[in-house]
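Quick note on labels: first sequence line is chain A, next is B, and so on, each numbered from 1. Because the structure is predicted, anything quoted here is derived from the model rather than measured.
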Protein chains: 2
Amino acid sequence: MQITFLGTSSGVPTRSRNVSSVAIRLPQRAEVWLFDCGEGTQHQLLRSDVKISQIRRIFITHLHGDHIFGLMGLLASYGLAGNPTAIDIYGPPGLSEYIRASERYSYTHLSYPLKVHTVQPGLVYEDEEFLVSCVPLKHRVTAFGYRIVEKDRPGRFNVEQAAALGIPNGPLYGKLKRGEEVTLSDGRQIRGSDLCAPPEIGRKVVYCTDTVYCDAAVELSQDADVLIHEATFSHQDADMAFDRLHSTSTMAAQVALGAGVKQLIMTHFSPRYAPGNALVLDDLLQEARAIFPNTALAYDFLIHEVPRRRGE
Amino acid sequence: MQITFLGTSSGVPTRSRNVSSVAIRLPQRAEVWLFDCGEGTQHQLLRSDVKISQIRRIFITHLHGDHIFGLMGLLASYGLAGNPTAIDIYGPPGLSEYIRASERYSYTHLSYPLKVHTVQPGLVYEDEEFLVSCVPLKHRVTAFGYRIVEKDRPGRFNVEQAAALGIPNGPLYGKLKRGEEVTLSDGRQIRGSDLCAPPEIGRKVVYCTDTVYCDAAVELSQDADVLIHEATFSHQDADMAFDRLHSTSTMAAQVALGAGVKQLIMTHFSPRYAPGNALVLDDLLQEARAIFPNTALAYDFLIHEVPRRRGE
Ligand SMILES: [Zn+2]
Ligand SMILES: [Zn+2]
């Protein structure tokens with residue numbers, strides 16, 4: 001899994017940071033999932049290694065403009081990018097109506113199937129390899145945090161070793177692959193787990209924006225490999241964070257700490273911390289690291305590889 | 001008057017050309033008028049010398065996404081750019097509904113008065129210095145071309161000369177300034193035009209997009225100083241132009257020739273003519289120049305000063 005930050009500013013774009021969007025490339029398939037789609041996301045894609053034609057699903061946290069105003073342009077361009085297959089979009093109530101109204105007024109006729117799913121807290125999407133769930137966050141409007149979970153996979157079955165043990169190819173292999181114990185015709189007992197590599201533990205990535213500190217974010221983030229959490233404000237501007245229901249850097253770190261994640265990457269920064277101001281993003285980073293050391297600052301086009309976990 | 005091209009690609013943005021928008025700076029006031037507002041227009045403004053805070057009016061030609069998907073983001077950012085006054089938007093039927101629906105779904109609360117005017121063919125806007133009119137073009141959806149006319153101004157009245165002639169300061173001055181003839185108490189006849197510099201002829205800029213060749217465009221463009229006309233296709237791809245109701249380079253040139261404009265600037269180019277293709281924009285330029293020599297190609301961030309005209 002490879003995370004590409006396409007926009008890391010809150011509210012308005014700046015010269016160096018666009019408004020919110022994060023792309024996650026799935027390793028097992030040539031597929032990209034997008035999280036939020038602020039204005040100019042398709043422009044950022046043009047400047048990145050992520051191909052618009054590989055986007056298959058888009059998850060929207062909430063309907064504030066800096067998270068959705070790039071959606072219509074991206075959907076239109078996706079249809080012109082060659083061999084569009086289909087796009088599924090997931091988001092809060094109102095998203096479907098917004099898209100349908102925009103399509104209607106702008107005479108946008110998409111050449112591929114577009115499905116808009118209104119999410120509910122809980123399971124949002126599942127296939128053989130992944131599942132995505134969401135929880136409501138605490139923002140001025142309905143907002144959801146998303147958890148992307150790669151399912152655990154059994155370790156590779158050692159066919160050579162099985163053959164050397166004289167186990168006949170056939171239905172027994174299936175049982176052993178699933179880790180079960182089997183009894184051979186000569187009475188030998190073989191444990192499947194002895195013939196399998198340690199299972200591959202699925203990776204977990206959590207995307208939490210926009211929100212003030214909330215317990216739901218901690219629950220959603222349990223044991224995540226990577227927590228992407230908004231940090232609009234510095235701890236010193238906590239009053240603004242509470243007022244506008246956004247997070248400070250320290251709130252993001254507290255979520256990371258409480259959830260026992262492996263790494264925190266902060267994003268969605270107020271332009272007020274651009275270089276040259278009294279407080280800058282490095283201050284937010286230090287504030288967060290004092291609570292949760294393994295913290296990083298996102299920037300546009302940052303690529304973060306989430307390493308595979310082997311059985312632990 | 002200073003024209004800044006903010007986006008010169010048709011349909012989709014490319015790495016070097018954004019979708020449609022043109023800013024016109026008015027010389028007499030610190031005011032900018034925008035024509036069309038494709039996605040990413042506010043980003044282009046950040047990279048240009050045009051200040052978002054100076055935008056006062058926005059004219060929309062038609063509701064295709066590549067001409068309006070930057071509107072909501074721009075309106076939201078304008079409100080945050082410091083001292084927003086008011087914005088008036090002009091465009092075809094449906095524009096107001098599109099904006100109101102987008103505001104509603106995205107919870108956008110603008111902090112300044114926004115007025116949306118549905119235009120009719122004819123006069124669109126008038127003040128002491130300018131008037132803007134529009135005509136329907138020939139596109140797949142309702143589309144308008146706009147003509148911006150700076151009103152003629154009387155030449156400067158030579159007060160020193162009037163005093164030297166012994167004309168008493170007072171109501172006679174007003175008549176002379178208007179170019180009228182007056183009779184002094186001593187019987188002398190004085191012609192106002194002799195005391196005034198030649199009148200300043202107002203400049204005319206026409207913005208024609210999207211459209212296939214049409215007589216209405218020629219009428220709208222009569223005697224313009226600058227005609228900005230779309231040229232989505234090469235003459236060699238005229239079948240596509242007729243099919244999609246867009247212009248070729250030669251159609252743009254024919255409008256310029258028929259209207260007797262001073263200069264043609266072509267824009268809204270299909271990405272198919274990007275460098276490296278069989279046909280490139282220089283081919284479109286040559287095609288147009290064969291018909292109308294004073295033709296130029298727009299590119300993003302091109303600034304074109306429209307010179308003042310003195311009495312001719
Ligand atoms: Zn928000
Ligand atoms: Zn169009």
Side-chain angles (χ1 to χ4, degrees), chain A residues 7 9-19 37-47 52 62-81 91-110 139-143 271, chain B residues 7 9-19 37-47 52 62-81 91-110 139-143 271:
Chain A
S9 177
S10 76
V12 296
T14 70
R15 271 170 190 258
S16 55
R17 295 179 183 268
N18 197 32
V19 285
C37 190
E39 181 183 354
T41 295
Q42 63 164 325
H43 301 69
Q44 297 290 86
L45 286 168
L46 283 176
R47 290 168 174 75
I52 189 172
H62 67 300
L63 302 188
H64 276 153
D66 57 325
H67 295 251
I68 62 164
F69 284 159
L71 205 44
M72 291 307 303
L74 183 116
L75 293 175
S77 294
Y78 172 82
L80 301 169
L95 177 60
S96 178
E97 291 81 355
Y98 166 73
I99 293 173
R100 299 311 173 191
S102 300
E103 276 184 294
R104 198 168 62 249
Y105 290 120
S106 67
Y107 309 94
T108 302
H109 306 293
L110 300 175
H139 194 41
R140 301 191 302 278
V141 304
T142 304
Chain B
S9 178
S10 76
V12 296
T14 68
R15 271 171 190 256
S16 55
R17 292 179 184 270
N18 197 32
V19 285
C37 190
E39 181 184 355
T41 294
Q42 63 165 324
H43 302 68
Q44 296 290 85
L45 286 169
L46 283 176
R47 290 166 175 76
I52 190 173
H62 67 299
L63 302 189
H64 276 154
D66 57 324
H67 295 251
I68 62 163
F69 284 160
L71 204 45
M72 291 307 304
L74 182 117
L75 294 176
S77 293
Y78 171 82
L80 301 169
L95 177 60
S96 177
E97 291 81 354
Y98 166 72
I99 293 172
R100 298 311 174 192
S102 299
E103 276 183 294
R104 198 169 61 249
Y105 291 121
S106 67
Y107 309 94
T108 301
H109 306 292
L110 300 174
H139 193 42
R140 301 192 303 279
V141 304
T142 304

Side chain from CB out, backbone as N, CA, C, O: work out which of these in [X] comes under 4.5 Å of a heavy atom of chain B, or both, or neither.
X: A/Thr41; value: backbone
X: A/Asp66; value: neither
X: A/Leu80; value: side chain
X: A/Thr108; value: side chain
X: A/His64; value: both

remark   = Taken in chain and number order and not counting sequence neighbours, the residues that satisfy ring-ring contact (aromatic ring centres under 6.0 Å, His included) with A/His67 are A/His62, A/His268
ask   = Which residues satisfy the salt bridge (charged side-chain N to carboxylate O under 4.0 Å, His left out) test with B/Arg140, sequence neighbours excluded?
value = none
Spatial distance of atom [atom1] ([X]) from atom [atom2] ([Y]) [nearest 0.5 Å]:
X: B/Ser77; Y: A/Glu39; atom1: OG; atom2: CD; result: 7.5 Å
X: A/Tyr105; Y: B/Arg100; atom1: OH; atom2: CZ; result: 12.0 Å
X: B/Arg104; Y: A/Glu97; atom1: CZ; atom2: CD; result: 9.5 Å

query = Which of the residues A/Gly38, A/Gly11, A/Gly40 is involved in the greatest number of heavy-atom pairs with chain B at under 4.5 angstrom?
reply = A/Gly40
inquiry  = Quick check for you: among A/Ala81, A/Ala101, A/Gly73, A/Ala76, which has the greatest number of heavy-atom pairs under 4.5 Å with chain B?
reply    = A/Gly73
Verdict with supporting geometry, B/Phe69 and A/Ser106, side chain to side chain contact (heavy atoms under 4.5 Å, CB included) = CA-CA 9 Å; B/Phe69 284 160; A/Ser106 67; 3.4 Å; yes
message = Quick check against the 3.5 Å criterion: does B/Arg15 have a side-chain atom that pairs as donor or acceptor with the backbone of A/Arg47?
response = no
